[in-house]
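Below is one structure, written out as structure tokens; the observations come after it.
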Amino acid sequence: MKNKPGKLGVKGLATVINKKMGFSVAHTMSDNNPSEVSDWIPTGCTWLDGIICRGKMAGIPVGRITEIAGLEASGKSYMAAQIAANATAKGFSVVYFDSEAAMDFDFLRKAGVDEENFLRVTPTSVENMLETIETILVEGNEDVLFVWDSLANTPTESDNATSFNPQDSMAMKARILSKAMQKLTIPLNETNSTFLVLNQLKKNIPRPGDHISAMIDPFVTPGGKSMQYAASLRIYLTGRKAKASYILDDSGFRIGSEVKARIKKSRFGSEGRECFFKILWGDEVRIQNDEGIFEAIKGSDRLKNAGAWYTLVHTDGEEEKFQSKMWLEKMENEKFRSSVMDIFEKEVVLKFANRDGSAADFYDLEAEEE
């Protein structure tokens with residue numbers, strides 16, 4: 001249908017609206033869908049990337065808000081460093097708000113962060129940090145990863161100005177975040193920028209007579225409800241059971257820990273999924289990623305086990321025997337790795353998307369060990 005004289009078509013209306021708003025907020029149906037995430041930043045853990053979005057390999061969604069909340073020493077800052085390194089490798093600029101004053105530059109270099117595209121900022125308050133993000137976005141900067149480490153440890157201006165009495169600034173952070181999430185969500189999306197928020201997990205202590213809430217969810221996060229609503233992805237990091245929580249060297253010294261990751265919220269169809277990964281923080285600093293892939297595909301028809309020996313069935317049908325201690329060496333072989341990743345895609349990504357098998361295979365993984 002032709003437009004009447006003096007009237008704009010939808011493309012003309014989009015031009016007027018975008019000029020008025022200062023951002024590309026109006027889209028016709030012939031444009032790319034701005035609500036669809038088209039890019040992801042890898043977390044550094046392949047198993048975790050494989051459970052974030054139903055039916056595809058993913059990571060931290062670009063253009064969205066992600067919260068990673070964890071118990072103490074569960075690897076939150078380490079994961080943020082890995083994500084920052086992967087973001088700079090993709091050409092993103094990283095602005096890292098280090099309110100805990102604990103980020104080591106040597107640690108970042110070891111993680112693989114590109115120094116030319118990384119900026120560390122020590123925020124003086126929640127308001128100051130959020131206003132800085134808004135300024136960067138409004139000035140037209142694109143492809144920026146903002147990392148907030150951490151929400152729980154950053155004071156508000158009211159906290160800085162008053163006494164140590166928590167009553168003096170009660171609920172102030174939650175009110176600030178409620179307003180901020182409303183202001184930042186669209187600019188992040190329109191500038192292809194990403195906001196990664198690190199937060200603390202705290203025990204959900206029920207009020208007298210109310211034990212149901214703690215049974216439903218044993219953890220809570222500081223900062224009110226706004227982050228829970230605004231985040232497209234929320235990941236909880238906790239420890240494994242006591243016997244599996246630490247990685248020991250040959251002499252029994254602790255050199256790492258094993259983390260349980262659970263998708264607390266996902267707008268990508270995978271809420272409740274779980275995985276495990278090991279973090280080394282001794283002489284060597286890294287996620288044991290290939291080892292995690294091995295754990296993820298155990299039980300596949302194409303990875304048979306007989307005693308100390310495993311048999312991998314390659315994509316072309318050829319069989320190859322190996323022992324678990326040979327896994328890392330085997331993963332250096334291109335054909336072996338290709339077959340393993342083919343199995344991983346089918347077992348971890350596609351089976352869940354197709355609802356193939358038992359739901360327990362994807363959700364309550366530790367229950368299977370009991």
Side-chain angles (χ1 to χ4, degrees), residues 42-54 57-60 66-83 149-152 196-204 214-222 228 231 233-248 254-266 268-282 285-299 324 327 344 347-349 351-352 357-370:
T43 63
C45 174
T46 299
W47 194 355
L48 180 55
D49 290 345
I51 68 171
I52 286 173
C53 181
R54 182 176 177 178
M57 288 295 295
I60 302 302
T66 294
E67 180 186 27
I68 296 180
L71 297 175
E72 66 280 1
S74 59
K76 299 183 295 296
S77 294
Y78 178 77
M79 286 208 70
Q82 286 288 301
I83 293 166
D149 188 3
S150 64
L151 183 158
L196 174 61
V197 180
L198 305 188
N199 207 351
Q200 295 177 6
L201 277 184
K202 297 186 176 182
K203 294 289 185 181
N204 187 0
M215 291 173 60
I216 295 174
D217 194 340
F219 302 109
V220 294
T221 53
Q228 299 175 23
L233 176 66
R234 301 182 71 223
I235 302 172
Y236 276 11
L237 302 181
T238 57
R240 292 292 300 275
K241 295 174 181 177
K243 65 180 181 180
S245 58
Y246 289 105
I247 303 169
L248 309 178
R254 295 175 181 177
I255 58 172
S257 54
E258 187 161 7
V259 178
K260 176 182 177 180
R262 182 172 183 266
I263 308 299
K264 178 63 176 176
K265 175 187 176 182
S266 171
F268 314 106
S270 60
E271 183 175 315
R273 294 198 67 182
E274 297 177 348
C275 73
F276 304 122
F277 58 90
K278 297 177 180 179
I279 298 177
L280 296 180
W281 34 254
V285 180
R286 67 178 178 90
I287 290 177
Q288 289 189 321
N289 187 46
D290 284 349
E291 294 90 334
I293 295 173
F294 187 30
E295 293 299 320
I297 66 173
K298 282 183 177 178
S324 58
W327 175 258
F344 180 88
E347 294 292 332
V348 177
V349 181
K351 273 193 173 182
F352 179 81
S358 170
D361 295 336
F362 306 102
Y363 295 116
D364 194 4
L365 300 184
E366 277 195 297
E368 298 175 3
E369 302 174 357
E370 295 177 347

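Reckoned from all heavy atoms, side chains included, excluding hydrogens, waters and symmetry mates.
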From CA spacing to verdict: side-chain contact (heavy atoms from CB on, under 4.5 Å), Ile287, Tyr78: CA-CA 9 Å; Ile287 290 177; Tyr78 178 77; 3.2 Å; yes

Beyond-backbone contact of Ile263 with Phe268, side-chain heavy atoms, under 4.5 angstrom: no

Gap separating the SG atom of Cys45 from the CD1 atom of Ile83, nearest 0.5 angstrom: 10.5 Å

From Lys264 atom NZ to Leu237 atom CG, the distance as rounded to the nearest 0.5 Å: 13.5 Å

Shortest non-hydrogen contact between Ala261 and Leu48, atoms and distance: CB-CD1, 4.1 Å

Check: Lys203 and Phe219 side chains under 4.5 Å, non-hydrogen atoms: yes

Sub-4.5 Å side-chain heavy-atom contact between Tyr236 and Leu201: yes

Spacing of Ile247 atom CD1 and Ile255 atom CD1 [to the nearest 0.5 Å]: 6.5 Å

Value rounded to 0.5 Å, distance of CD in Glu258 from OG1 in Thr238: 10.5 Å

Mutual orientation of the aromatic rings belonging to Trp327 and Phe294 [parallel < 30°, tilted 30-60°, perpendicular > 60°]: parallel

Derivation and outcome, side-chain contact (heavy atoms from CB on, under 4.5 Å), residues Glu295 and Trp47: CA-CA 9 Å; Glu295 293 299 320; Trp47 194 355; 4.0 Å; yes

Closest heavy-atom pair and its distance - Ala231, Glu67: CB-N, 4.4 Å

Closest contact, heavy atoms only, Ile279 versus Ser74: CD1-O, 4.3 Å

Sidechain-backbone polar pair: Lys265 side chain, Gln228 backbone, donor-acceptor under 3.5 Å: yes

Donor on one side chain, acceptor on other, Arg273 and Ser266, under 3.5 Å: no

Spacing of Tyr363 atom OH and Ser358 atom OG [to the nearest 0.5 Å]: 10.5 Å

Point-to-point distance, once rounded to the nearest 0.5 Å, from CG of Asn199 to CG of Asp149: 10.5 Å

Sub-4.5 Å side-chain heavy-atom contact between Met79 and Phe277: yes

Salt-bridge present (Arg286, Glu291; N to O < 4.0 Å): yes

Main-chain N/O of Ile52 paired to Ser270 side chain as donor or acceptor, under 3.5 Å: yes

Single hit among Gln200, Lys202, Arg234 for side chain to side chain donor-acceptor pair (under 3.5 Å) with Thr221: Arg234

Leu248 side chain near Arg254 side chain, heavy-atom distance below 4.5 Å: yes

Heavy-atom donor-acceptor pair, Asp49 side chain to Met57 backbone, under 3.5 Å: no

Side-chain heavy atoms of Thr66 within contact of Val197, under 4.5 Å: no

Residue pair Ile68 / Leu233, side-chain heavy-atom distance below 4.5 Å: no

